[in-house]
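Contents: one structure, followed by commentary.
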2 protein chains.
Amino acid sequence: MQIVDENRAKAERAGLSERQNAVLESALKLLVDGGEKAVTTAGVARAANCSKESLYKWFGDRDGLLSAMISYQAGKVRTVEVGAETLTTDGLRKHLAAFALDLLDVLSGDVSLALNRLAIGQTVGRTAMRGARGSGPTLGRLLEERGRRQIGRRATMLLEAGRKAGLLAFDDADEAYGTLYGLIVTDAHLRMLLGFDPAALKKEFAGRAERAAASFLTLYGVGAMADA
Amino acid sequence: MQIVDENRAKAERAGLSERQNAVLESALKLLVDGGEKAVTTAGVARAANCSKESLYKWFGDRDGLLSAMISYQAGKVRTVEVGAETLTTDGLRKHLAAFALDLLDVLSGDVSLALNRLAIGQTVGRTAMRGARGSGPTLGRLLEERGRRQIGRRATMLLEAGRKAGLLAFDDADEAYGTLYGLIVTDAHLRMLLGFDPAALKKEFAGRAERAAASFLTLYGVGAMADA
DNA sequence: GCCGAACCGTACCGTACGGTACGCATTCGT
DNA sequence: ACGAATGCGTACCGTACGGTACGGTTCGGC
């Protein structure tokens with residue numbers, strides 16, 4: 001049975017079966033409009049028309065299911081590459097604004113918010129590294145790895161391209177990205193996590209993205225003095 | 001209700017006795033190093049050496065207890081006023097940096113993080129306005145009102161003072177505050193909520209605060225030239 | 001057509017928790 | 001000094017959930 005487990009583990013990493021994906025989709029739906037406590041094993045089984053026994057067979061335990069939900073959803077991020085050659089100042093601004101809009105769209109998504117709430121709710125302040133089972137990393141760590149890191153890579157690429165084109169000036173790309181992130185998101189993410197209706201914020205996303213891009217260029221564009 | 005109760009009267013501003021405050025303190029301690037699921041009625045009662053019956057008498061039900069924890073903790077915010085007259089550019093920068101440092105300190109506090117996790121975990125995506133009991137607003141809304149709004153007022157005051165002194169230029173104070181907030185916090189808050197060790201981030205708080213203040217002045221300072 | 005594997009539906013178990021009830025100690029007002 | 005109120009400790013109840021076991025059913029391989 002170890003062989004079976006190994007095969008399954010590999011399958012989970014490379015992508016689960018259609019049936020399992022459907023189950024995860026159901027679980028995500030439950031999570032989105034019921035919160036974490038709505039994701040009960042019985043509830044998921046009922047919603048997905050599968051048996052609890054299968055759930056435990058596929059995901060080990062409830063934590064495994066939750067982790068699988070995060071990994072599964074994270075597998076949907078698209079990585080848009082940017083043609084690095086023809087970069088003008090205005091083109092860079094547009095790329096920045098587009099990135100900002102995408103970022104805001106991702107963060108304001110129902111599923112994203114629900115998963116972030118889940119991972120945050122799971123987090124414990126004090127040294128939570130209790131590896132009771134093979135749950136591996138914390139859900140929060142998992143979410144950060146698969147979510148933020150991924151989209152951050154795209155931003156870093158864009159910033160590097162801008163620097164190579166002589167349009168941006170910064171020493172630490174991560175720091176610059178942090179600034180960009182802050183200009184774009186401000187506290188919108190936290191407020192949405194706390195229950196603020198995303199629809200109310202979405203209306204100003206476009207303007208916010210434009211302003212963030214412009215501000216970022218003011219701070220890091222060539223001709224501006226970055227450090228004091 | 002004579003002279004002896006003078007001290008208690010101050011504590012009872014929020015309608016809570018000393019005993020109840022002690023209970024809330026115990027509950028907060030439990031929350032901080034055990035997460036939400038550690039805050040059980042029996043656990044709080046045991047930790048605070050009181051009976052469950054008293055808990056229910058004082059707070060109604062578990063939700064009432066959680067709300068009381070948030071309100072109680074929020075009652076500790078101090079509002080530092082800024083002398084609006086003698087404002088130079090450098091003085092403003094220092095005030096901004098001080099505010100940034102305070103904000104980061106607050107957000108990285110154990111209790112603050114635990115309460116934010118609690119409120120976020122309690123939040124449900126879909127129209128969460130189901131008031132089961134007299135709990136009134138959502139915990140998230142409560143936290144936002146009492147926490148962010150409060151410290152935001154202080155920042156807004158500072159910004160208005162800067163504008164009145166002719167050192168800052170902006171149309172919308174809230175928008176400017178949002179930018180300031182983003183520059184200061186970036187994604188540090190979210191990462192800490194997800195479990196990232198605050199101690200690791202605290203080391204760079206000072207530098208981050210300085211940079212945020214400088215960047216803000218670059219964006220909103222008159223003439224837009226930060227350094228001199 | 002048969003066999004085994006996978007799987008569904010359901011019943012079941014142990015536990016943990018929210019909430020209530022009761023008995024007894026302590027305190028406070030009169 | 002005495003009765004009432006407050007509150008502690010504990011036992012108790014109902015429920016809900018995580019996890020397991022079992023019988024019946026479908027499906028693919030031989």
Side-chain angles (χ1 to χ4, degrees), chain A residues 1-8 11-12 16-27 30-31 34-69 118 121-122 124 130 132-135 139, chain B residues 1-5 8 11-12 15-27 30-31 34-69 118 121-122 124 130-135 139:
Chain A
M1 51 190 72
Q2 284 180 343
I3 303 160
V4 178
D5 280 353
E6 224 164 10
N7 280 342
R8 196 172 60 230
E12 280 183 8
L16 307 95
S17 73
E18 282 305 322
R19 187 82 184 93
Q20 278 136 330
N21 284 353
V23 169
L24 291 179
E25 205 74 50
S26 294
L30 277 181
L31 176 69
E36 179 197 347
K37 76 184 184 72
V39 185
T40 67
T41 55
V44 172
R46 197 179 327 116
N49 286 328
C50 75
S51 71
K52 286 174 66 176
E53 198 169 4
S54 302
L55 286 185
Y56 284 96
K57 188 171 197 172
W58 293 332
F59 307 106
D61 60 357
R62 186 172 179 269
D63 264 10
L65 173 64
L66 299 180
S67 300
M69 289 165 64
L118 172 64
Q122 211 79 0
V124 176
R130 67 174 61 210
R133 292 180 61 97
S135 62
L139 292 186
Chain B
M1 51 196 72
Q2 280 80 10
I3 308 103
V4 186
D5 295 331
R8 206 176 61 190
E12 278 182 358
L16 300 173
S17 72
E18 282 301 328
R19 187 81 183 94
Q20 278 137 331
N21 285 351
V23 170
L24 291 180
E25 205 74 50
S26 293
L30 276 182
L31 176 68
E36 179 197 347
K37 76 183 183 73
V39 185
T40 67
T41 56
V44 172
R46 197 178 326 115
N49 286 329
C50 75
S51 70
K52 286 173 65 175
E53 196 167 6
S54 301
L55 286 185
Y56 284 96
K57 187 170 198 170
W58 294 331
F59 305 107
D61 60 358
R62 187 171 179 268
D63 264 10
L65 173 64
L66 299 180
S67 299
M69 288 165 65
L118 171 65
Q122 211 79 1
V124 176
R130 66 176 61 208
R133 287 183 59 99
S135 62
L139 292 185

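Chain letters run A, B, ... following the sequence lines, proteins first, then strands; residues in each count from 1.
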Run the side-chain contact (heavy atoms from CB on, under 4.5 Å) check on B/Ser54 and B/Arg19 step by step: do they pass? CA-CA 11 Å; B/Ser54 301; B/Arg19 187 81 183 94; over 6 Å; no
Audit row: A/Val44, A/Leu24, side-chain contact (heavy atoms from CB on, under 4.5 Å) steps and yes/no: CA-CA 9 Å; A/Val44 172; A/Leu24 291 179; over 6 Å; no
Rounded to the Å, how far apart are A/Tyr56 OH and C/dC8 P? 15 Å
Atom pair distance, as rounded to whole Å: NZ in A/Lys37 and P in D/dA16: 11 Å
In residues 41-53 of chain A, which residues come under 4.0 Å of DNA chain C by heavy atom? A/Asn49, A/Cys50, A/Ser51, A/Glu53
Would you mind reading off the distance between B/Leu65 atom CG and C/dG19 atom P, rounded to a whole angstrom? 10 Å
Nearest-0.5 Å distance that lies between atom CZ in A/Phe59 and atom OG1 in A/Thr41: 12.5 Å
Any heavy-atom pair between the side chains of B/Lys37 and A/Val124 that's under 4.5 Å? no
Per atom distances to the B/Arg62 side chain, the nearest of C/dG19, C/dA6, D/dT20 is C/dG19
Does A/Arg19 make a side-chain N or O approach to OP1 or OP2 of C/dC8 shorter than 4.0 Å? yes
Are A/Glu25 and A/Asn21 packed together at the side-chain level, in the sense that at least one heavy-atom pair is separated by less than 4.5 angstrom? no
From the candidates C/dC8, D/dC17, D/dG7, the one with an atom nearest any side-chain atom of B/Trp58 is D/dG7
Check the distance between D/dC17's P and A/Glu36's CD and give it to me in whole angstrom. 12 Å
In whole angstrom, give the distance that lies between atom CG of B/Leu55 and atom P of D/dT10. 15 Å
From B/Ser67 atom OG to B/Gln122 atom CD, the distance as rounded to the nearest 0.5 Å: 8.5 Å
From CG of A/Asp61 across to C1' of D/dC17 the rounded distance in Å is 14 Å
